[in-house]
Amino acid sequence: MKLTTLAMIALYLPGLAKAEGNRPEFQPIDISSHVYAGGWEHFVGGGVAVFDCNGDDIPEVYAAGGANTAQLFLNTSQDDVALLADTPEELSLTFVTGAYPLDIDSDGIMDLAVLRVGPDSLLRGTGDCRFEPFTDITFATGDHWTTGFSATWEEGYSLPTLAFGTYIDRSNPDGPFEACDATQLYRPTGDTYGAPLALEPGFCTLSILFSDWKRTGRADLRISNDRHYYVSGGQEQMWAMDPAPRLYTAEENWQPYSIWGMGIASRDLGGDGYPEVYLTSMGDQRLQQFDPQTGGPTWRDVTYEFGTTAHRPHIGDDGRPSTGWHAQFGDVTNDGLDDIFVSKGNVEQMPGLAMQDPNSLLIQTPEGRFVEVAETAGVATMERSRGAALVDLNLDGLLDLVVMNRRADMEVFQNVSTDVGTWLMVTLHQSGPNTNAVGSFIEVRTADGVLTREITIGGGHVSGQSTPEHFGLGDVKATELRVIWPDGSIGEWQQVSTNQALTITR
């Protein structure tokens, strides 16, 4: 069967999309000053974690600070987005590069994996946005420079499998070049963790993601690496999560390539149920389309065909190449077509890369191509942006935007777009381990096709969120939904109305 292109699929799904030409609009929101700063160990990093920590169903924002203190912003939004800095002592940490929310102990309260230059932390949520160290799972971490994180639940375990992606080995006297540290993999042994397994070779990781890319019920670990420091002999990686993890090879149809990898985003764009990936880099950003015909982990580059390069500043007079960091898919006008946000900014003073490097917002058209609208949308920040989050902060069905900047204030933008489509937000819950059903697939079906969301923890650039899955649905007033749960059980199709938030309990 011939591989179907994204453009062909988009043309066959006209009912999902509103009229071509929809353009988003964002307005900046005033918040207390928060800056991610520090020396060379904070040139990378600078993430945000977005999750509800006080049980009111609207998500808070935990912002890394680097050499500054990390801060928690309580969400006090009503009609308009509003965030209030109110950081408990246990979250007032320095040398934080990023954080990811997940319910580690499956008690229904979100916990936090906090990434640091130094020992990482797992913090148990106790309610009302308070946290404490875990004392009963024997998690111990070394003195690493952590710049990536992902987690999944493997079959038969009550605790999640955790992967901490590390960058340069700070203890290597011959570094920083060719001194890459190894990803640290923690597989539970019963109700505790033992010593981590070092996934070697390590090639200076900046983003990692567990994903069930083949829809077999098992998530493998994809790693994006920074060739600036591994210099030669390295590449992007995909680890097969066998009893003894191993790297996929070219003989298994893995496509070896090397980039200055910064971030990973994953989303099924073509409607075939398999995820495409968007990879950020210095010099270009890459959209890669999954090829199911090979039987292996094969993604083929379609960047230029679909207009997603974002390889140079789209405004200003700096023509040098862009540096991409966080990437995230999301439908910002609810037209039924996923868009892409990319945070961009020079590492520090790299002369071959643009210094005035605005963030990108790439809007997908009904023909399947993407067009740049960040300037007219009001989000073309010229700061050195790092982590970010596309997330509905005020529960109005529109995705808002949080952007972390290096040595400049964090920014929050409210989505105030008009002429938008309908939407659906879906939260999953199950009893026992893995309460948020990580590894599930949510499918939303209309007369014109199926939209799929995989529930994952990881990816982006040191920025994670645990929030309802958002679907834009264009002119659709009612739709059908089903869940494929982590163990492969398939729920029945349910008729649901749009413009509402749903919780599906197993």
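Treat the numbers as computed from the prediction; the structure is a model and nothing was measured.
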Pair listing, ring-ring contact (aromatic ring centres under 6.0 Å, His included) test, anchored in residues 82-105, at least two apart:
Tyr100-Phe149
Return each pair, listed once, that meets ring-ring contact (aromatic ring centres under 6.0 Å, His included) where at least one residue sits in residues 102-141; pairs must be two or more places apart or across chains.
Phe139-Phe164, Phe139-Tyr186
Charged N-O contact under 4.0 Å between [X] and [Y]:
| X | Y | answer |
| --- | --- | --- |
| Arg124 | Asp136 | yes |
| Glu90 | Arg130 | yes |
| Asp220 | Arg218 | yes |
| Arg407 | Glu348 | yes |
| Arg187 | Glu154 | yes |
| Arg482 | Glu492 | no |

Salt bridge (Lys or Arg N to Asp or Glu O under 4.0 Å) against Glu236, all qualifying residues, sequence neighbours excluded
none
Given side chain to side chain contact (heavy atoms under 4.5 Å, CB included), test Gln285 with Leu279 step by step and report yes or no.
CA-CA 6 Å; Gln285 328 305 323; Leu279 305 174; over 6 Å; no
Looking at [atom1] of [X] and [atom2] of [Y], how far apart are the two atoms once the value is rounded to the nearest 0.5 Å?
| X | Y | atom1 | atom2 | result |
| --- | --- | --- | --- | --- |
| Arg222 | Leu209 | CZ | CG | 9.0 Å |
| His144 | Asp181 | NE2 | CG | 5.5 Å |
| Met238 | Thr298 | CE | OG1 | 9.5 Å |
| Glu60 | Leu393 | CD | CG | 10.0 Å |
| Leu185 | Leu199 | CG | CG | 5.0 Å |
| Asp111 | Asp105 | CG | CG | 4.5 Å |

Do [X] and [Y] have side-chain heavy atoms sitting under 4.5 Å apart?
| X | Y | result |
| --- | --- | --- |
| Leu247 | Pro201 | yes |
| Leu162 | Leu122 | yes |
| Leu206 | Asn225 | no |
| Asn434 | Thr152 | no |
| Phe471 | Val426 | yes |
| Ser224 | Ile259 | yes |
| Glu132 | Leu123 | no |
| Leu398 | Asn334 | yes |

Looking at [X] and [Y], would you say the former's side chain and the latter's main chain have a donor-acceptor pair under 3.5 Å?
| X | Y | value |
| --- | --- | --- |
| Thr216 | Asp212 | no |
| Ser207 | Gly460 | yes |
| Asp331 | Asp338 | no |
| His461 | Arg386 | no |
| Thr97 | Leu115 | yes |
| Ser32 | Ala85 | no |
| Asp400 | Asp392 | no |

Quick one: do the [X] and [Y] side chains pair a donor with an acceptor below 3.5 Å?
| X | Y | result |
| --- | --- | --- |
| Asn405 | Glu411 | yes |
| Tyr257 | Gln288 | yes |
| Ser343 | Asn359 | no |
| Ser489 | Arg506 | yes |
| Thr141 | Gln184 | no |

Around Asp30, counting heavy atoms of other residues, nucleotides and ligands shown, do more than 12 lie under 6.0 Å from its CG?
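Counting other residues, nucleotides and ligands, CG of Asp30 stays at 12 neighbours or fewer.
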If you count every heavy atom of other residues, nucleotides or ligands that lies below 6.0 Å from Asp191 atom CG, does the total exceed 12?
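No, the 6.0 Å shell around CG holds no more than 12 heavy atoms from other groups.
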Pair Tyr62-Thr87, side chain to side chain donor-acceptor pair (under 3.5 Å): steps then yes or no:
CA-CA 9 Å; Tyr62 182 54; Thr87 310; over 6 Å; no
Taking the six-membered ring of [Y], is NZ or CZ of [X] closer than 6.0 Å to its centre and within 45° of its axis?
| X | Y | value |
| --- | --- | --- |
| Arg286 | Tyr278 | no |
| Arg445 | Trp493 | yes |
| Arg246 | Tyr248 | yes |

Among pairs that include at least one residue of residues 40-126, which meet disulfide (SG to SG under 2.5 Å), considering only residues two or more places apart or in two chains?
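Listed by first then second residue: Cys53-Cys129.
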Which pair of non-hydrogen atoms, one from [X] and one from [Y], has the smallest distance, and what is that distance?
| X | Y | value |
| --- | --- | --- |
| Ser440 | Pro486 | OG-CD, 3.0 Å |
| Ile457 | Trp153 | CD1-CZ3, 4.3 Å |
| Lys344 | Ser360 | NZ-OG, 3.2 Å |
| Val462 | Gly45 | CG2-CA, 3.7 Å |
| Val438 | Ala151 | CG1-O, 4.2 Å |
| Ser385 | Val403 | OG-CG1, 3.5 Å |

Test side chain to side chain contact (heavy atoms under 4.5 Å, CB included) on Val81 and Val412 and set out the steps.
CA-CA 9 Å; Val81 171; Val412 178; 4.1 Å; yes
Pair Trp260 + His228: ring centers closer than 6.0 Å
no
For Trp145, which residues count as a ring-ring contact (aromatic ring centres under 6.0 Å, His included) partner, sequence neighbours excluded?
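ring-ring contact (aromatic ring centres under 6.0 Å, His included) list for Trp145, sorted by chain: Trp40, Tyr167.
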Looking at residues at least two apart in the chain, or sitting in another chain, which of them share a ring-ring contact (aromatic ring centres under 6.0 Å, His included) with Tyr36?
His42
Let me see the working for Glu469 and Leu424 under side chain to side chain contact (heavy atoms under 4.5 Å, CB included), right down to the final yes or no.
CA-CA 8 Å; Glu469 288 296 318; Leu424 196 63; over 6 Å; no
Run Trp485 and Ile504 through side chain to side chain contact (heavy atoms under 4.5 Å, CB included) and show every step you take.
CA-CA 11 Å; Trp485 297 94; Ile504 306 297; 4.1 Å; yes
